[in-house]
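These numbers come from a predicted model, not from an experiment. Throughout, protein chains are lettered first and strands after them, A, B, ... in sequence-line order, and every chain is numbered starting at 1.
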There are 2 protein chains.
Amino acid sequence: MKEVRARRPLADSTAVHDRVYDAIRQALITGKIAPGVGVSLRSLAAELGVSPMPVRDAVRRLVAERALAINPANKRLSVPSLSAERLEQLELARQWIEPELAARAAPRADEALVRRLKAIDLDLEEALRVGDVDRYMVANHAFHFAIYERAGAEVLLAMAGGLWLQIGPFMRVVFGRVGTGSLPADRHAEAMDALKARDAEGVRRAIAADLSEGMDKMRAAVEAGAGLTAAPTGQTVITVSGGKV
Amino acid sequence: MKEVRARRPLADSTAVHDRVYDAIRQALITGKIAPGVGVSLRSLAAELGVSPMPVRDAVRRLVAERALAINPANKRLSVPSLSAERLEQLELARQWIEPELAARAAPRADEALVRRLKAIDLDLEEALRVGDVDRYMVANHAFHFAIYERAGAEVLLAMAGGLWLQIGPFMRVVFGRVGTGSLPADRHAEAMDALKARDAEGVRRAIAADLSEGMDKMRAAVEAGAGLTAAPTGQTVITVSGGKV
DNA sequence: CGCGCAAAATTGCGATCACAATGCACGAAC
DNA sequence: GTTCGTGCATTGTGATCGCAATTTTGCGCG
């Protein structure tokens, strides 16, 4: 297949490897890529319609961010599995950094931010009602990071992004289990109220509670045997609630 | 120079891009690369005696870890400068994560660890006496991470490593200024004593104090105007473990 | 029917080439 | 002497090729 591809000007805002990165990242955050399955550079490249090179670059970044793992022997990459220890550390880190970001965002909050959050939250609740997992994941991520970005703390924000990237694939598992049951939207409402009042500690508490509830569910799911163990070799399709993801 | 290079078996423990990564990382941590200076893939490749390709991979990882910055317009990369805000966030993150790692290491400490720490600390003090900045930086890094690794917390350890990578280039600036003056070895002694006693909170306090003192100096240096221009202490010579200049 | 070994396919890594874009420098114009 | 424009060098990016190693397949033998 020696197809001649139209050459893209390099100075446009997004290089190919950046778009590939965003595509894989989004797939990870929203849990579209099941943990444990092995992927190859060439297969990803073929799927995305690019050469293996930009995929290599994107994968390097994701591996550096611990969003993808690479088997040292195989050199084959997969989504890392979530052990109990890993979950515990990720929860600890999230519980420290995300309320901190939220608290820092409080004094910088304005009407526009609250309006945007409200819109996102409405979309989130709608997704919950209709059971659209993808939409829920995207909205939840958007809600949190709309707040965090307001903190204006680049380093902390990047750390938080890395943490979400690591737990993203598993949040979907949890949501798939919990379904449209208990919704953390109340915590979101608390956060928005506190933001409107510039109440830093209130925002911190609301986000901490939101995280705590979500991570509780996730811990329960992991302990309940959704323990997604990536087999050392071969492809392991994680099954949750009886269905293939 | 179209020299035919001997091909290295791929399955040996370290790939070329990994060795390049380690080389640049070590150069960053020990502050061998001054902040603000721009580097290019080809120049790095020529310096290391490899093709630009593995350098690209290594640089991707380092950019993902925020150890290198890439100008969005230029697409040119450099060591990111340390602004006051960045320093504040890095300090906050370090003050949270590193004492936590140290505390977790305490119950797992044994005689061998303390002996190793003692050896490192002796080397560190020796480096301080003779004013060998490189040696001091290496020893200090080794001391802290010998403890942190004992915590057995992979996620937190990786985060701490990323933080050191980001402030590494500036620690050298600071200690190049402070010279062999006030030495934080006492905190190291406190940490070792607490480790020997399995006193988690004691280790936590010692590491927190050690960090606090170091970051105080760094903040003073940054405020004094060392933000962008580092002390040009020698050329940036990076050597990969294989030898080739 | 099962097991083991060899051949073919797949995969990651590194090198080299091509190309667009930017940076840099030398020289001309006023 | 200063400033602006044009040509050359350098840089990052992506594609393609070659290679070694691993995985998978296929087939023959027990």
Side-chain angles (χ1 to χ4, degrees), chain A residues 1-24 36-64 68-78 230-236, chain B residues 1-24 36-64 68-79 240-242 244:
Chain A
M1 73 187 216
K2 195 58 172 308
E3 152 194 9
V4 173
R5 219 181 309 281
R7 202 158 180 84
R8 217 172 310 271
L10 290 183
D12 67 349
S13 51
T14 56
V16 176
H17 70 88
D18 275 322
R19 294 187 294 113
V20 172
Y21 171 82
D22 286 336
I24 304 179
V37 305
V39 291
S40 73
L41 296 184
R42 283 177 172 88
S43 65
L44 273 176
E47 190 168 347
L48 294 169
V50 298
S51 88
M53 184 63 59
V55 179
R56 243 170 83 176
D57 290 345
V59 163
R60 277 265 182 254
R61 285 178 63 183
L62 291 164
V63 168
L68 287 177
I70 174 171
N71 188 324
N74 281 13
K75 293 176 184 304
R76 226 167 213 147
L77 47 88
S78 61
T233 82
Q235 296 179 349
T236 310
Chain B
M1 67 175 217
K2 197 60 168 310
E3 152 195 9
V4 174
R5 218 180 310 279
R7 205 158 177 84
R8 208 176 311 271
L10 290 184
D12 68 348
S13 51
T14 56
V16 175
H17 71 89
D18 274 323
R19 293 185 294 116
V20 171
Y21 171 82
D22 286 337
I24 304 179
V37 303
V39 291
S40 74
L41 295 185
R42 284 178 173 87
S43 64
L44 276 176
E47 193 167 349
L48 294 169
V50 298
S51 89
M53 183 62 60
V55 179
R56 238 169 88 174
D57 291 345
V59 163
R60 268 289 168 237
R61 288 178 62 184
L62 292 163
V63 169
L68 288 177
I70 173 171
N71 189 323
N74 280 14
K75 293 175 185 304
R76 225 168 213 145
L77 49 86
S78 61
V79 180
V240 82
S241 58
K244 242 177 118 171

In whole angstroms, the gap separating C1' of dG12(C) from CG of Asp57(B) amounts to 10 Å

Polar pairs (N or O, both sides) under 3.5 Å between protein and nucleotides 7-11 of chain D?
residue, atom, partner, partner atom, Å
dT11(D), OP1, Ser40(B), OG, 3.1

Met53(A) atom CE is separated from dT16(D) atom P, nearest whole Å, by 10 Å

Quick note, salt bridge (Lys or Arg N to Asp or Glu O under 4.0 Å) partners involving residues 50-59 of chain A, not counting sequence neighbours, are Arg56(A)-Asp57(B), Asp57(A)-Arg56(B), Asp57(A)-Arg60(B)

Between CZ of Arg60(B) and C1' of dG14(C) the distance, given in whole Å, is 16 Å

Among the nucleotides dC13(C), dT16(C), dG14(C), whichever has the atom closest to the side chain of Pro52(B) is dT16(C)

The side chain to side chain donor-acceptor pair (under 3.5 Å) partners of Arg61(A) (sequence neighbours excluded) come to Asp18(A)

Atom CZ of Arg19(A) and atom C1' of dG14(D) are separated, to the nearest Å, by 12 Å

Between CG of Asn71(A) and P of dT11(C) the distance, given in whole Å, is 15 Å

Review point. If we only count heavy atoms from C-beta on, is the Leu41(A) to Leu77(A) side-chain gap below 4.5 Å?
Key: yes

Review point. Could a donor-acceptor pair under 3.5 angstrom be found where the side chain of Arg56(A) meets the base of dG14(D)?
Key: no

_Side chains of Val39(B) and Val79(B), heavy atoms from C-beta outward: is any pair under 4.5 Å?_
no

For Ala64(A) and Ala64(B), the nearest pair of non-hydrogen atoms, with its separation, is CB-CB, 3.8 Å

Is there a side-chain contact between Leu44(A) and Ile24(A) in this structure, where contact means two heavy atoms from C-beta onward sitting under 4.5 Å apart? yes

Here the distance between atom P of dT23(D) and atom CG of Leu77(A), to the nearest Å, is 14 Å

